[in-house]
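One structure below.
If you read the sequence from its start, that first residue is 1, and numbering goes on from there.
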Amino acid sequence: MALQASGSDPSDEATGIAAPAAVVIPAHDEERRIAATVRAARVVDGVDLVVVVDDGSGDRTVEAATAAGAIVVRHGRNRGKAAAMETGAAAVAAIDAREGRDKPDTAHLLLFLDADLEESAANAGVLIGPVRDGEAAMTIAVLPPQKRAGGGHGFVVRASREGIRKASGFEAAQPLSGQRCLTREAFDAALPLAAGFGVETGLTIDLVRRGFAVREVEVDLHHRVTGKDWAAQVHRARQYAHVARALAERGAAGALPGAVRGKAAGAGSAASPGSDARSGARPDDGVGSGSHAATPSDTSKDAGKDAGAGANAESRSGRGEAGS
């Protein structure tokens with residue numbers, strides 16, 4: 001598979017980053033899988049910190065993640081994937097500040113992983129190398145065909161891929177892949193993130209447009225895929241609406257079918273980014289919103305004694321092609 005790389009020639013300016021990586025795992029009702037994912041992430045070469053952001057789970061995700069060795073931060077309610085990523089990154093920034101890692105070359109790299117990768121998360125280290133070595137500001141995992149049955153018809157993937165191409169020129173193999181490693185500088189440059197399930201689409205467009213080097217990397221990662229039952233179809237429709245919103249906000253609504261273009265920037269529909277696929281998360285539910293935002297004082301009683309901030313990743317949302 002020919003994979004895409006974008007941005008300026010890194011050899012002219014990159015000197016590498018002498019910093020470890022922090023894994024950020026947004027999680028919602030993942031008690032069955034989160035412990036295996038955390039344990040695998042902790043053994044990835046170059047990782048010295050694993051943060052799980054529990055996004056209002058109703059099960060024992062917090063207990064399972066804590067027992068597996070993660071720092072856990074909680075949201076009082078489900079707030080959506082973009083808020084999850086922003087809050088997890090804020091948790092890492094708080095730890096960096098406490099440890100005196102406040103410069104670009106010492107701040108933790110951010111490695112975002114899905115909560116359901118289980119043992120395969122141990123293979124994610126190949127995403128870190130190009131970022132650590134200064135060859136890319138963001139790497140995106142390209143997953144192999146998934147071992148588990150399921151998957152949809154790919155229309156969300158096609159819309160995202162075509163929109164990214166039209167908006168930035170980047171040819172994404174798996175535009176919805178949520179497994180990504182970024183520098184702190186790159187992540188901060190993309191804030192605020194696109195809402196809901198549009199976060200990966202918006203992140204790629206925004207960084208490529210700003211001249212950051214983006215590279216896709218093949219990684220042997222496996223997760224559960226979206227099925228084909230009614231609930232999965234509803235999820236997929238919401239995911240499509242969120243991607244459409246992200247594209248419209250970036251002037252790429254022309255990549256969508258004509259019947260959808262005029263609605264992509266509108267709000268108020270049941271499938272708009274105003275609600276997460278199952279949660280009712282609002283698109284402005286990022287760090288610092290008027291709603292409950294996790295802070296060190298908020299999280300101390302829920303997630304142990306470490307500073308942090310909170311999150312979700314409706315685990316199906318930021319996946320590669322097999323999950324769309």
Side-chain angles (χ1 to χ4, degrees), residues 20-44 46-96 98 108-122 124-125 127-128 178-182 187 193 199 221 223-224 276 279 281 285-287 292-296 298-319:
V23 172
V24 176
I25 307 174
H28 180 255
D29 289 344
E30 289 286 358
E31 65 175 345
R32 292 170 51 197
R33 301 173 179 85
I34 189 63
T37 302
V38 168
R39 288 192 294 266
R42 292 182 65 197
V43 303
V44 172
V47 168
D48 70 353
L49 175 65
V50 176
V51 175
V52 170
V53 189
D54 176 76
D55 192 40
S57 295
D59 63 3
R60 295 180 59 82
T61 295
V62 170
E63 292 82 355
T66 302
I71 294 173
V72 180
V73 182
R74 298 187 69 179
H75 278 169
R77 62 180 177 83
N78 187 278
R79 294 173 56 198
K81 187 169 189 184
M85 294 173 67
E86 290 184 353
T87 310
V92 176
I95 293 169
D96 281 348
R98 187 179 66 201
H108 275 91
L109 305 178
L110 298 171
L111 176 59
F112 293 97
L113 298 177
D114 285 346
D116 63 349
L117 294 174
E118 298 181 280
E119 290 81 4
S120 74
L127 292 169
I128 299 173
Q179 329 310 318
R180 299 176 180 226
C181 185
L182 299 84
F187 184 84
L193 301 178
V199 61
L221 298 172
H223 55 68
R224 75 178 185 275
D276 189 278
S279 65
D285 277 349
V287 174
H292 174 78
T295 65
D298 292 331
T299 60
S300 60
K301 63 182 179 180
D302 290 329
K305 299 176 178 157
D306 285 275
N312 158 274
E314 159 58 66
S315 161
R316 297 173 179 170
S317 66
R319 298 218 173 125

Drop me the distance from [X]'s [atom1] to [Y]'s [atom2], to the nearest 0.5 angstrom.
X: Thr37; Y: Leu113; atom1: OG1; atom2: CG; result: 8.5 Å
X: Arg33; Y: Thr61; atom1: CZ; atom2: OG1; result: 10.5 Å
X: Leu111; Y: Leu127; atom1: CG; atom2: CG; result: 6.0 Å
X: Asp29; Y: Glu31; atom1: CG; atom2: CD; result: 8.0 Å
X: Glu118; Y: Arg32; atom1: CD; atom2: CZ; result: 8.5 Å
X: Arg42; Y: Leu49; atom1: CZ; atom2: CG; result: 10.5 Å

Heavy-atom pair with the smallest gap, counting every atom of [X] and [Y]:
X: Ala84; Y: Pro26; value: CB-CB, 3.6 Å
X: Ala41; Y: Val47; value: O-CG1, 3.7 Å
X: Cys181; Y: Ile128; value: SG-CA, 4.0 Å
X: Val51; Y: Ala91; value: CG1-CB, 4.3 Å
X: Ala64; Y: Ile34; value: CB-CG2, 3.6 Å

(message) Show, in sequence, the C-alpha distance, side-chain angles and deciding distance for Val52 and Glu30, and conclude whether the side-chain contact (heavy atoms from CB on, under 4.5 Å) test is met.
(response) CA-CA 11 Å; Val52 170; Glu30 289 286 358; over 6 Å; no

(request) Could you give me the CA-CA distance, side-chain angles and deciding distance for Val24 and Met85, then say whether side-chain contact (heavy atoms from CB on, under 4.5 Å) is met? (result) CA-CA 8 Å; Val24 176; Met85 294 173 67; over 6 Å; no

(message) Testing the 3.5 Å rule here: is there a donor-acceptor pair between the side chains of His75 and Asp55?
(response) yes

(request) Using modelled atom types only, decide if a donor and an acceptor are shared between the side chain of Asp96 and the backbone of His108 within a distance under 3.5 Å. (result) yes

(request) For Gln179 and Asp114, indicate whether the former's side chain and the latter's backbone hold a donor-acceptor pair under 3.5 Å. (result) yes

(request) Mind running side-chain contact (heavy atoms from CB on, under 4.5 Å) on Lys81 and Leu193 for me, showing each step along the way? (result) CA-CA 10 Å; Lys81 187 169 189 184; Leu193 301 178; over 6 Å; no

(message) Any non-hydrogen side-chain atom of Val23 less than 4.5 Å from a side-chain atom of Val44?
(response) no

(request) Could you tell me whether the side chain of Ile95 reaches within less than 4.5 Å of the side chain of Ile71, counting heavy atoms only? (result) yes

